[in-house]
**Q** 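Can you read through this structure? Questions will come right after.
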Amino acid sequence: MLLEPVMMRIEEVIQESSLVRSFIFKKSLEYQPGQFIMLWIPRLDEKPFSISYHGKDFFGVTVALKGRFTQGLHEMKVGEWVGIRGPFGRAFNLEAGRACPEPIRFRACVVGGGVGMASLAVLIERLEDSVVVQGARTAAELLYRNRFKDMLLCTEDGSAGTKGVPTDLLEDLYRHYRFDAIYTCGPEAMMVKVLEFAREHNIYMQASLERYIKCAVGVCGQCCCNGLRLCVEGPVLDGGTLEKLEDFGRYARLGNGRRVPIGTYLGKKT
Amino acid sequence: MAAVDLSTELCGVRLQNPTVLASGILGTSKGLLKSVARAGAGAVTIKSLSLEPLPGHNNPIVVGFEAGMLNAVGYANPGIKEGAKEFSNLKEVGVPVIASIIGRGVGDFMKVLEGLWGLDFAAVEVSLSCPHTPGYGMMAGQNTPEATKEIVSAVRKGTELPLLVKLSPNIPEIGRVARAAEEAGADGITAVNTLGPGMLINIEARQPILDFKVGGVSGPALRPIALRCVYDIYKTVKIPILGVGGISAGRHAVEMLMAGASAVGIGTAVYSQGIEVFGKVCQEMGEWMEANGCRSVKELIGAAHAP
């Protein structure tokens, strides 16, 4: 783990959709799916991102254009340098929830919404047997369509895949695939529904949450959800923890620490 | 846990053990205070509240180095009005909770104090010593004996709670500032805040790492300085001391008590060892005390001053 930012050269920029780009670094980084790094642009700011590409000698992040910082990053080109520290936080538990003993294959369902897909991408590559559903507002915003060719798609406007949201499909998928676990990342309202579904069917689930992260090392308290530090005890939390977490789907904290409804947080953050 | 009595008293507040969560670390929510109490802290301090909300500095706000940590959080806090909502029903925390307050001047402090009325805080800590927030603490000249006297005299009239004053280690004659606080009516001294400010530079980026460029130094680098400060203050004033700076082990806590502290603050060790450090320090203290025939914390306070 890198405790101080280490400057790394952007080796490749991938246009994933109209507003989403990935930035690839040719460096090896010990990492488990679900963890995040802090990306520093000197004299601008430093923000947390999930690792969305990972191999022996490379890794990358996928970034949606949202505010001042992501604008600054999107303007950067191959050959420019940014600082990276991490990875931090708890990863997805790849075999938890296994319903049948080996040699029966562990099967997972992965539910991604919007740029939440970035947190799930490497996990999907590591899972031997999974069914993946991605939801987006419209076809142009879908990510990684060439990377995960048998992924199921939903769009709110019906421009690709099924019209609707990924959680609409869960019932049918479960009947077909009888998966052992569900992993999800996306809008919190969607993840709340995934949690409800998992509880009703008694399926192990984990979700990756997003909050304003500052120190990333568990001291500043900025990213707390009730009594948890999302940068240390999260960002991946399991269903049992989420059930008891009052803030899940409801509250988040602004940069000054004020706890506000999550809609207000999403509106003000940029 | 060893069969020794770890309880202590700080300004009339009874603590089950001498470890206290230092202000600025993790004190942003009641939930986190509960987590720290469960991890074994004898008391907890909230993250400092100001009159108006403060956004804090841009990231990076924290960076570790080989001898501790450098931070420029910049007092990010939602202001006293929101803070009062966050810290209602503090009895739920299970251990005494200390309110840390900051202000640009006497007027601010008085209004923040008003906002604390009716909440279940066990004591108030007035911080006059942050090295990295414009308008507050050192950057507003609050760390001189004169300013300390002015602010503490006023704040004293605004609260009946035990009043601690948090000092900077940057002053060579820290005893003078402590005496000014005592004469102005403080019930205790918290010593010390972070040292500095200091700076770390990323040489590839050719830039200071902290966005604010400078920040307070804490952790192991601060420990010998904090000990000397507490030792000097103990010689100068009669009021009890909450000793803070670089404590991450039972031996460090014993050492701080021997310098003259009645209780010990822990902050940066949460970064190096996790939230479990409170229980660990207590366990190690208990073991040391048992092995050395020491039955109570009281026997240790100021022990290094014996002729």
Side-chain angles (χ1 to χ4, degrees), chain A residues 1-9 38-48 68-69 72 80-86 88 211-233 244-247 251-260 268-269, chain B residues 24-38 46-47 49-50 52-66 69-71 73-79 81-83 85-86 200 202-211 213 218 267-272 274-275:
Chain A
M1 181 172 60
L2 308 171
L3 279 173
E4 292 180 31
V6 171
M7 297 307 288
M8 296 188 189
R9 186 177 181 272
M38 296 298 288
L39 194 153
W40 176 43
I41 303 177
R43 284 172 298 177
L44 183 58
D45 211 334
E46 186 198 40
K47 296 283 180 193
R68 200 174 69 99
F69 182 83
E80 293 193 80
W81 297 70
V82 296
I84 304 281
R85 62 185 175 110
F88 301 110
R211 289 293 182 274
Y212 195 141
I213 285 176
K214 285 187 180 172
C215 78
V217 290
V219 296
C220 79
Q222 167 68 44
C223 65
C224 67
C225 290
N226 309 110
L228 296 180
R229 299 164 293 173
L230 207 67
C231 68
V232 173
E233 282 93 30
K244 290 175 274 177
L245 202 66
E246 197 198 335
D247 280 7
Y251 297 100
R253 283 174 196 270
L254 303 176
N256 63 24
R258 182 175 171 189
R259 184 175 179 241
V260 295
K268 271 212 179 144
K269 233 184 112 205
Chain B
I25 305 284
L26 296 179
T28 47
S29 77
K30 186 166 66 177
L32 278 182
L33 296 179
K34 284 190 208 170
S35 298
V36 174
R38 270 198 301 273
I46 64 165
K47 194 167 171 64
L49 291 172
S50 54
E52 305 291 345
L54 290 175
H57 296 310
N58 273 349
N59 257 358
I61 55 163
V62 165
V63 59
F65 68 110
E66 69 281 6
M69 199 173 90
L70 194 66
N71 96 80
V73 172
Y75 277 140
N77 85 92
K81 216 174 129 202
E82 282 298 319
K85 286 186 212 163
E86 180 67 47
L200 289 166
N202 183 301
I203 59 173
E204 283 76 28
R206 301 174 185 227
Q207 287 290 326
I209 298 172
L210 296 179
D211 193 72
K213 297 187 172 58
S218 61
T268 301
V270 171
Y271 162 70
S272 54
I275 220 164

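Every value quoted in this text rests on a predicted model; they were computed, and no experiment measured them. These numbers come from the heavy atoms of this one structure, side chains and all, not from hydrogens, waters or symmetry mates. Per chain, numbering begins at 1; letters A, B, ... match sequence-line order.
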**Q** Could you measure the distance from the NZ atom of K214(A) to the CG atom of N58(B)? Nearest 0.5 Å is fine.
**A** 8.5 Å

**Q** Among I61(B), V62(B), L32(B), V270(B), who wins on heavy-atom pairs under 4.5 Å with chain A?
**A**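 Greatest number of close heavy-atom pairs with chain A: L32(B).
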
**Q** Is it the side chain or the backbone of K47(B) that comes within 4.5 Å of chain A heavy atoms, both, or neither?
**A** side chain

**Q** To the closest 0.5 Å, what do you measure between OG (S29(B)) and CZ (R229(A))?
**A** 11.0 Å

**Q** In sequence, state the C-alpha distance, the side-chain angles, and the governing distance for W40(A) and N202(B), and then conclude on side-chain contact (heavy atoms from CB on, under 4.5 Å).
**A** CA-CA 11 Å; W40(A) 176 43; N202(B) 183 301; 3.9 Å; yes

**Q** Given the options K30(B), H57(B), E86(B), M69(B), which has more heavy-atom pairs under 4.5 Å with chain A than any of the others?
**A** E86(B)

**Q** So if I apply the salt bridge (Lys or Arg N to Asp or Glu O under 4.0 Å) rule between E82(B) and each of R259(A), R253(A), R258(A), which one comes out positive?
**A**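 Testing each of R259(A), R253(A), R258(A) against E82(B), the sole residue satisfying salt bridge (Lys or Arg N to Asp or Glu O under 4.0 Å) is R258(A).
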
**Q** Where on P5(A) is there a heavy atom nearer than 4.5 Å to chain B: the side chain, the backbone, both, or neither?
**A**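 It is both, since atoms from each part get that close.
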
**Q** Evaluate the side-chain contact (heavy atoms from CB on, under 4.5 Å) criterion for residues V219(A) and I25(B): first the C-alpha distance (whole Å), next the side-chain angles of each, then the deciding distance (0.1 Å), finally the verdict.
**A** CA-CA 5 Å; V219(A) 296; I25(B) 305 284; 4.1 Å; yes

**Q** Which value, rounded to the nearest 0.5 Å, describes the distance between I209(B) atom CD1 and E4(A) atom CD?
**A** 4.5 Å

**Q** Do you know the tightest heavy-atom contact between G255(A) and A76(B)?
**A**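 Taking G255(A) first and A76(B) second, the nearest heavy atoms are O-CB, 3.8 Å.
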
**Q** Which residue out of R85(A), E246(A), R43(A) racks up the most heavy-atom pairs below 4.5 Å with chain B?
**A**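 Looking at each option in turn, the highest pair count goes to R43(A).
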
**Q** May I ask you to check whether over 12 heavy atoms, not counting those of F69(A), lie within 6.0 Å of atom CZ?
**A**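 Atom CZ in F69(A) is packed in, count exceeds 12.
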
**Q** For P55(B), which atoms come within 4.5 Å of any heavy atom of chain A: side chain, backbone, both, or neither?
**A**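 For P55(B), the contact with chain A is made by the backbone alone.
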
**Q** Given that the side chain runs from C-beta out, which part of W81(A) has a heavy atom under 4.5 Å from chain B: side chain, backbone, both or neither?
**A**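 Neither; nothing under 4.5 Å.
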
**Q** Shortest non-hydrogen contact from T28(B) to C224(A)?
**A** OG1-SG, 3.6 Å

**Q** Measure from the side-chain N and O atoms of D45(A) to the backbone N and O of N59(B), and report whether any donor-acceptor pair falls under 3.5 Å.
**A**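 Answer holds: yes.
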
**Q** Pick whichever of L44(A), V6(A), V232(A), V82(A) has the most heavy-atom pairs under 4.5 Å with chain B.
**A** L44(A)

